[in-house]
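In this chain, residues are counted from 1 in sequence order. All ligand and atom numbering here is 1-based and tracks the order in the structure.
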Amino acid sequence: MLKDKQRILVIGAGGQLGQELVRTLTAVFGEDRVVASDIDRTKARYFKQCPFEPLNVFATEHMETIVQHYNIKHIYHLAAILSAHGEKHPMATWQVNLDGLLQVLEVSKKMKVERVFWPSSIAVFGKHSPLENTPQHGMRDAGTVYGIAKAAGELWCQYYYERYGLDVRCLRYPGLIGHRSLPGGGTTDYAVDFYHRAVKGESYTCYLAPDIRLPMLYMPDAIKAALQLMKAPRERIRVRSGYNLQGMSVTPKEIELSIQRFCPDFKVVYEPDQRQAIAEGWPRAVYDAPASKDWGWAPKYDLDFMSEDILMHLMERIG
Ligand code: AKB
């Protein structure tokens, strides 16, 4: 556990997951216990409640200075290029997602950081993996650069744990749906856009087919999982690659219908593009009993509960 005066560093805090994570971490641990960082210094505007440090993960000396200065004991390393964007920039994606992770693991080892969190993804699986109820230790034959980097990254995390004792913990996130910020470059991002468009009274052209089923997780559940995993006693963490995590399994059409219960005029047109092929290679649902058994994972939100919550928040803000 985090002792007095020890702090948490969130790398890549300006993204969709990072902004929400910092909010929760500051609420749970206190505003002076969390340091937000991002390569883009303009993201400082999201973090009035805690210190912000501009940080490029390849500037390892700078990372070490931050770790030392703030007495960082836990790191959440979130900086990444997402799947669809990654297919347009394969080399940059490998460099940011995999080489970037290695820099963070090396600094953590050297500076004796006690725990590291790194988000993996359902993208580690591919078309030869069992895609229904995908097992924890099933075949991982990722078909995107993003997924290949996540699959390799998981093995590196496991290696750092086994070889150096670095306490790295990973979750295989499904698609994440939040309302506070718009994601960028993912294959599952259509779901977030649906809600924003619905509240603005706009229609949406969806780049996936209406019946493609994918696992999804509402952001409060995703954040809860990260905190629960990081809080669990070391001996409870029996998976050192990445834990499968299942929330709901939904199609674009089902999300559209769920939104229409609250916004009856919302319309979606379906025009699948190259992102459909990425989605077809991902699980329809994953088997996440090891996460429940080892550290108590249990999601709270189903589709309609999530829709109601998101739409209520968005209507208050922009509706
Ligand atoms: C993406 O769509 O790239 C991500 C993911 C499933 O990892 N949301």
Side chain, backbone, both or neither: Ser83 near ligand 1, heavy atoms under 4.0 Å: both
Partners meeting side-chain contact (heavy atoms from CB on, under 4.5 Å) with Asp193 (sequence neighbours left out): Leu182, Tyr204
Ligand 1 N/O within reach of Trp282 N/O, cut-off under 3.5 Å: no
Sub-4.5 Å side-chain heavy-atom contact between Ile177 and Phe194: no
Asp304 side chain to Ser258 side chain, donor-acceptor N/O pair below 3.5 angstrom: yes
Ligand-residue contact atoms, ligand 1 with Ser121, heavy atoms, under 4.0 Å: 5 (C), 6 (C), 7 (O)
Set of salt bridge (Lys or Arg N to Asp or Glu O under 4.0 Å) partners for Lys110, sequence neighbours left out: Glu64
Atom indices of ligand 1, in the order listed, that fall short of 4.0 Å to a heavy atom of Thr187: 1 (C), 2 (O), 3 (O)
Side chains of Asn244 and Arg172, donor plus acceptor under 3.5 Å: yes
Nearest protein heavy atom with distance in Å, relative to atom 8 (N) of ligand 1: Thr188 OG1, 3.0 Å
Per-atom contacts of ligand 1 with Gly186, taking only distances under 4.0 Å to non-hydrogen atoms: 1 (C), 2 (O), 3 (O)
Asp221 bridged to Lys300 by N-O distance under 4.0 Å: no
Distance filter under 4.0 Å to Leu82 heavy atoms, resulting ligand 1 atoms: 3 (O)
